[in-house]
Amino acid sequence: MNTKHILTAATGALMLFSSCSGDLDVKPLDPNVVTAEKAYSTDDAYVQGLMKIYSIWAMSGQDGDGSSDIAGLDPGNCQLMRCWWNLNETCTDESKNAWGDTWVDALDYNSWNTIQNEAIEGGYQRAMFIISLSNEYIKQVDASSHPQKAQLKAEARFCRALAYEVLLDLFRNPPFITESNFSIAPSPVGDSEKRINPTLFEWIANELTEIRSDLPAARQGVYGRADQGAADFLLARLYLNGEVYAGAKYYSECIEACNRVIAGGYSLADNYEHLFLADNDQTCKNEIIFPIVFDGASTSTWGGMTFLIMASVSGENTSMKDYKGVNAGWDGMRATGQFIDKFEFENDAAPTAGSIKDIRGMFEDTDRSQHITSTPIGTFKTEGWEVCKFRNVTSSGTVINNAWPDTDFPMFRLGDVYLMYAEAVLRGGNGGDLGTAVKYINALRARGYTGTQGNISQDQLTLGFILDERARELYWEGTRRTDLIRFGVFANGYNWDFKGGVATGANIDEKYILYPIPTTDMTVNGNLVQNPGF
């Protein structure tokens, strides 16, 4: 089966039961309801059930763009990847949104609260849905005689660990439920005031360590599914943020995990641009460790890559057709001037998109100011440069599907591993060295500059440099908010256009390091503790 379709082969039988309480073995009286007993009647059904769990990152519901697995959540605005992306990018210097939707002001201006917000609600509820489905799936596959039981269970545990890592990062103290505890349990004990949760942190780390041997070796599994490289990458990311998540340093453990990923045989794609095109599953599979898979024929959604590609370009700029593969953009998102300044120009006094020395800087600046100066809302066409990174066109210039993108989202890739390794070395981790860190960074910069003119020396490799290099290499890939928090400059010390609702940017309350747990869950789960300040 084509790997672009393998994650979208789920059937109606996969709408399995999930529950926080009660006996899941009780059969419903309604004969039209599919029980787990019927859903898992064949070996193939277990693979399809796992694909349903993976697909939640790409699809809101079972029946395409108009369906949602969770009542009350818009299938487009509240699609998981779209919500996760906005929660990690639109609140930073890398993106501002021009629409008048109710969620936009809160993220543009770093002013969210407990009033229901589509991005916050969708990110939280759909991540919890992954956990709920994973718990039921693990219970069922564990009781089966499937010949690949150990691997299937390990993959489901990976999906659950990833969802918990997302919730740890965004909310810090989510409810905690596993296949052995179907009650509405209290969160693992954390320190709400310090915004840390070492218990959940350690649980995720232990999960990823335990499942590793049951996953395929790096690059030996099915594209789009978890292997040992994906587990090690997620461990590295978790450990890199250990001080933020758990209040302790895990930089040596981060380096160890990075070394395992690198030893897995991944290699940088020759062309940076190809990482974000519609055939990246073919041209860049040696660098992409774990993608969110999209296929124009099977994953029709107004979220995901449709959102990321369409919202980033103008509906009136027909010259941008090759960037999106269709004739009308959504006039949505663009970068702030402070982020643009991370790149080097031929003439820094008169920066233009065409004069960026680094090919990683992919922007459109025609008739646009670099900075957003009046307001983000309604000024897409005149203020802030368009970001042209993701496109629905292949490396040969072909549009495979005009209606829905074929471009996969490279959620984990080797370029990030090189950056994590270098940062962990600079932060004092053992098991690595500065010479190797510089080599990895220069490999990224040589690709960006198509030569050695952008290479740096060991003296130039500083933490400040790493933060800016992560922006240049990974912008719009969902890492920026976490990076700014880890470097201690998200709330204070670095400002950008309309941060805090001020045109030139302003410091914000430390409470905005986290999002509030939605009131829809707070009101039904008395064990939850709201994040400080909300």
Side-chain angles (χ1 to χ4, degrees), residues 82 85-112 117 119 307-317 320 323-324 329-345 347-356 360-390 467-468 470-472 474-481 483-484 489-509 512:
R82 177 171 174 168
W85 190 95
N86 275 310
L87 293 176
N88 282 296
E89 294 289 354
T90 305
C91 61
T92 76
D93 58 340
E94 289 187 356
S95 176
K96 284 290 163 278
N97 193 290
W99 300 334
D101 299 45
T102 55
W103 62 268
V104 170
D105 283 9
L107 297 189
D108 273 351
Y109 302 143
N110 310 89
S111 59
W112 48 86
N117 179 294
F307 162 76
L308 197 51
I309 293 171
M310 294 295 289
S312 64
V313 292
S314 171
E316 296 180 355
N317 191 346
M320 299 297 288
Y323 282 92
K324 54 188 183 293
W330 292 354
D331 297 339
M333 305 175 306
R334 69 283 200 206
T336 71
Q338 288 80 5
F339 166 65
I340 299 293
D341 281 337
K342 308 298 181 194
F343 290 91
E344 185 181 6
F345 298 87
N347 180 359
D348 288 336
T352 65
S355 67
I356 297 176
R360 295 175 296 181
M362 294 181 279
F363 306 101
E364 168 62 37
D365 64 348
T366 303
D367 298 324
R368 293 167 174 273
S369 63
Q370 180 179 334
H371 285 272
I372 302 169
T373 57
S374 57
T375 173
I377 309 302
T379 59
F380 176 89
K381 298 173 184 177
T382 57
E383 297 183 4
W385 292 5
E386 294 180 34
V387 175
C388 310
K389 185 171 183 175
F390 294 93
L467 179 60
D468 288 348
R470 286 188 64 83
R472 289 183 285 264
L474 300 171
Y475 67 98
W476 278 38
E477 294 182 50
T479 67
R480 189 57 169 168
R481 169 188 158 274
D483 291 345
L484 291 172
V489 294
F490 180 76
N492 301 289
Y494 168 54
N495 295 324
W496 52 84
D497 298 342
F498 283 93
K499 175 184 173 183
V502 177
T504 56
N507 290 337
I508 56 176
D509 194 301
Y512 294 115

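When side chains are defined from C-beta on, Leu484 counts as touching Thr92, because their heavy atoms get closer than 4.5 Å. Put simply, the side chain of Ile377 reaches to within 4.5 Å of the side chain of Tyr109, judged on heavy atoms. Looking only at side-chain heavy atoms (C-beta outward), Phe339 and Asp497 stay at 4.5 Å or farther from each other. Using a 4.5 Å cut-off on side-chain heavy atoms (C-beta onward), Asn495 and Thr504 make no contact.
Other residues, nucleotides and ligands contribute over 12 non-hydrogen atoms within 6.0 Å of the CG atom of Asn347.
Distance check, rounded to the nearest 0.5 Å: NZ of Lys342 to CG of Asp468 gives 4.5 Å. The distance from the CG atom of Asn507 to the CG atom of Asn492 is 4.0 Å, given to the nearest 0.5 Å. A distance of 7.0 Å separates CZ in Phe380 from CZ in Arg334, rounded to the nearest 0.5 Å. Separating the CG atom in Asp101 from the CG atom in Asp105 is a distance of 10.0 Å, to the nearest 0.5 Å.
In this structure, Asn88 contributes its side chain and Thr479 its backbone to no donor-acceptor pair below 3.5 Å. In this structure a side-chain-to-backbone donor-acceptor pair under 3.5 Å is present from Glu383 to Ser374. Between the Glu364 side chain and the Thr366 main chain, a donor and an acceptor come within less than 3.5 Å of each other.
Summarising the geometry of Ile508 relative to Asn110, their closest heavy-atom pair is CD1-CB, 3.8 Å, with the distance given to 0.1 Å. Minimum interatomic distance between Arg481 and Leu87 (heavy atoms only, all atoms of both residues): CD-O, 3.3 Å. Here the closest heavy-atom approach between residue Phe490 and residue Cys91 is recorded as CE1-O, 3.7 Å. In this structure, Ala491 and Lys499 approach most closely via the heavy-atom pair O-NZ, 3.1 Å. Contact detail for Ile309 and Val313: the closest heavy-atom pair is O-CG2, 3.7 Å. The shortest heavy-atom contact between Asp483 and Arg470 is OD2-NE, 2.8 Å.
Both cation-pi conditions hold for Lys389 and Tyr475: the charged atom is under 6.0 angstrom from the six-membered ring centre and inside a 45 degree cone around its axis.
Ring geometry for Trp330 versus Phe307: interplanar angle of 30 to 60°, hence tilted.
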For this session: Start with the C-alpha gap between Ser312 and Glu386, add the side-chain angles, then the distance that decides, and say whether side-chain contact (heavy atoms from CB on, under 4.5 Å) holds.
Result: CA-CA 6 Å; Ser312 64; Glu386 294 180 34; over 6 Å; no
For this session: May I have the step-by-step check of side-chain contact (heavy atoms from CB on, under 4.5 Å) for Met333 and Leu308, ending in yes or no?
Result: CA-CA 9 Å; Met333 305 175 306; Leu308 197 51; 4.2 Å; yes
For this session: Take Thr90 and Asp108 through the side-chain contact (heavy atoms from CB on, under 4.5 Å) test and state the conclusion after the steps.
Result: CA-CA 6 Å; Thr90 305; Asp108 273 351; 3.4 Å; yes
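A donor-acceptor pair shorter than 3.5 Å cannot be found between the side chains of Thr382 and Thr379.
None of Thr336, Asp341, Asp365 except one satisfies the side chain to side chain donor-acceptor pair (under 3.5 Å) rule with Gln370; the exception is Asp341.
Ring centroid separation for the pair Phe390 and Trp476 does not come in under the 6.0 Å cut-off. In this structure, Tyr494 has its ring center closer than 6.0 angstrom to the ring center of Trp496. The ring of Phe343 has its center closer than 6.0 angstrom to the ring center of Phe363.
Salt bridge present: Lys381 and Asp331 bring a charged side-chain N and a carboxylate O closer than 4.0 Å.
Remark: Arg480 pairs with Asp93, Glu94 by the salt bridge (charged side-chain N to carboxylate O under 4.0 Å, His left out) rule, at least two apart or across chains.
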